[in-house]
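First the proteins, then the strands, lettered A, B, ... as listed; each starts at 1. Predicted model only: the values in this text are computed from it and were never measured. Computation of the quantities below employed the complete heavy-atom set of this structure, encompassing side-chain atoms and omitting hydrogens, waters and symmetry-equivalent molecules.
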There are 2 protein chains.
Amino acid sequence: MPYHDHVSDSPEFKADSPTPVYVQVADYIAARIASGELQPGARLPAERDMSRDLGVAYDTIRRATALLRERKLIVTVVGKGTYVVER
Amino acid sequence: MPYHDHVSDSPEFKADSPTPVYVQVADYIAARIASGELQPGARLPAERDMSRDLGVAYDTIRRATALLRERKLIVTVVGKGTYVVER
DNA sequence: TGAAATTTGTGCGTATGTATT
DNA sequence: GAATACATACGCACAAATTTC
């Protein structure tokens with residue numbers, strides 16, 4: 001892994017938006033799935049890593065992934081990780 | 001309001017149980033609804049009050065009420081409160 | 001008008017437990 | 001057993017919606 005594997009800039013999640021940050025994050029991830037950047041079966045970064053990388057709290061990531069699980073876009077397996085659903 | 005409006009003892013929620021505390025709390029509230037102690041339309045105590053009264057974290061109450069909302073046993077209105085659903 | 005009180009919603013940080021590798 | 005990753009639980013602070021005065 002390079003020292004700087006920073007490919008795409010993290011979007012700025014705005015706390016002052018009427019849209020909660022966790023929804024912004026969920027939409028951001030959903031968009032990456034929709035665009036094909038995240039393929040079916042692909043594993044998402046660990047939630048703590050996403051928390052750090054996206055500059056939001058772990059709790060916020062948890063809310064975002066909970067939304068995406070409800071939307072059936074991802075599945076989460078304890079101890080393994082979070083994956084883009086196979087279509 | 002009396003100084004001590006402590007009618008029924010709070011059950012002991014066990015953190016070491018395989019059943020998460022928030023599920024135990026949800027089941028406890030569901031049982032009070034099923035028994036008729038909490039009638040349809042009745043407002044539940046404020047979540048922060050339940051947190052204090054039941055001796056669990058606000059986060060835990062939030063998880064419990066989220067479960068009950070999913071089960072359609074209660075409805076929550078921001079700024080108003082949480083109510084037992086009208087049958 | 002609007003200010004205060006009440007209640008739920010969101011966001012952050014931390015610690016510990018459980019499951020998988 | 002160790003490392004990794006999700007799950008639960010606690011505490012705190014501030015924002016938003018509702019009601020009341």
* To do: Kindly say if A:Thr60 contacts the phosphate of C:dT10, meaning a side-chain N or O under 4.0 Å from OP1 or OP2.
  =>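 So the side-chain polar atoms of A:Thr60 never come under 4.0 Å of the phosphate oxygens OP1 or OP2 of C:dT10.
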
>> Just N and O in the side chain of B:Arg63: are any of them under 4.0 Å from OP1 or OP2 of D:dT8?
In response: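 For D:dT8, OP1/OP2 do have a side-chain N/O of B:Arg63 under 4.0 Å.
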
Tabulated below should be each protein N or O lying under 3.5 Å from an N or O of nucleotides 1-7 of chain C; please produce it.
{"residue": "C:dT7", "atom": "OP1", "partner": "B:Arg43", "partner atom": "NH2", "Å": "2.7"}

Quick check on DNA chain C: between B:Asp16 and A:Gln24, whose nearest nucleotide comes earlier from the 5' end?
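Result of the comparison: A:Gln24.
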
### Task
For the pair B:Leu54 and B:Tyr28, evaluate side-chain contact (heavy atoms from CB on, under 4.5 Å) and give the outcome as yes or no after the intermediate values.
CA-CA 10 Å; B:Leu54 299 181; B:Tyr28 166 66; 3.9 Å; yes

Residue pairs, two or more places apart or on separate chains, that pass salt bridge (Lys or Arg N to Asp or Glu O under 4.0 Å) and touch residues 13-24 of chain B: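 Listed once each, the pairs would be none.
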
Would you list the pairs meeting salt bridge (Lys or Arg N to Asp or Glu O under 4.0 Å) in which at least one residue belongs to residues 70-86 of chain A, sequence neighbours left out?
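Non-adjacent pairs meeting salt bridge (Lys or Arg N to Asp or Glu O under 4.0 Å): A:Asp27-A:Arg71.
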
* When all nucleic acid strands are considered with a 4.0 Å heavy-atom cut-off, which category describes A:Tyr22: base, sugar-phosphate, or nothing? ->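 Sugar-phosphate only.
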
Protein-nucleotide distance ([X], atom [atom1]; [N], atom [atom2]), rounded to Å:
| X | N | atom1 | atom2 | answer |
| --- | --- | --- | --- | --- |
| B:Met50 | C:dT8 | CE | P | 7 Å |
| B:Leu54 | D:dA9 | CG | P | 13 Å |
| A:Arg69 | D:dA5 | CZ | C1' | 12 Å |
| A:Leu67 | C:dG11 | CG | P | 11 Å |
| A:Asp59 | D:dT8 | CG | P | 13 Å |

Checking A:Thr76 now: which residues fulfil side chain to side chain donor-acceptor pair (under 3.5 Å) with it, not counting sequence neighbours?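 A:Arg69, A:Thr82.
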
Checking one residue: A:Val23. Which other hydrophobic residues are in its cluster under the side-chain 4.5 Å linking rule?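 Cluster partners of A:Val23: A:Tyr22, A:Leu67.
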
Name each donor-acceptor pair under 3.5 Å that joins a side chain in residues 38-53 of chain B to protein atoms two or more places apart or in another chain, with its distance.
{"residue": "B:Gln39", "atom": "NE2", "partner": "B:Gly36", "partner atom": "O", "Å": "2.8"}
{"residue": "B:Glu47", "atom": "OE1", "partner": "B:Arg62", "partner atom": "NH1", "Å": "3.1"}
{"residue": "B:Glu47", "atom": "OE2", "partner": "B:Arg62", "partner atom": "NH1", "Å": "3.4"}
{"residue": "B:Glu47", "atom": "OE2", "partner": "B:Thr65", "partner atom": "OG1", "Å": "3.1"}
{"residue": "B:Arg48", "atom": "NH1", "partner": "B:Tyr58", "partner atom": "OH", "Å": "3.2"}
{"residue": "B:Asp49", "atom": "OD1", "partner": "B:Arg52", "partner atom": "NH2", "Å": "2.9"}
{"residue": "B:Ser51", "atom": "OG", "partner": "B:Val56", "partner atom": "O", "Å": "2.6"}
{"residue": "B:Ser51", "atom": "OG", "partner": "B:Tyr58", "partner atom": "N", "Å": "3.2"}

- Side chain of A:Tyr58 (C-beta onward), nearest among C:dG11, C:dC12, C:dT14: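 Selected nucleotide: C:dT14.
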
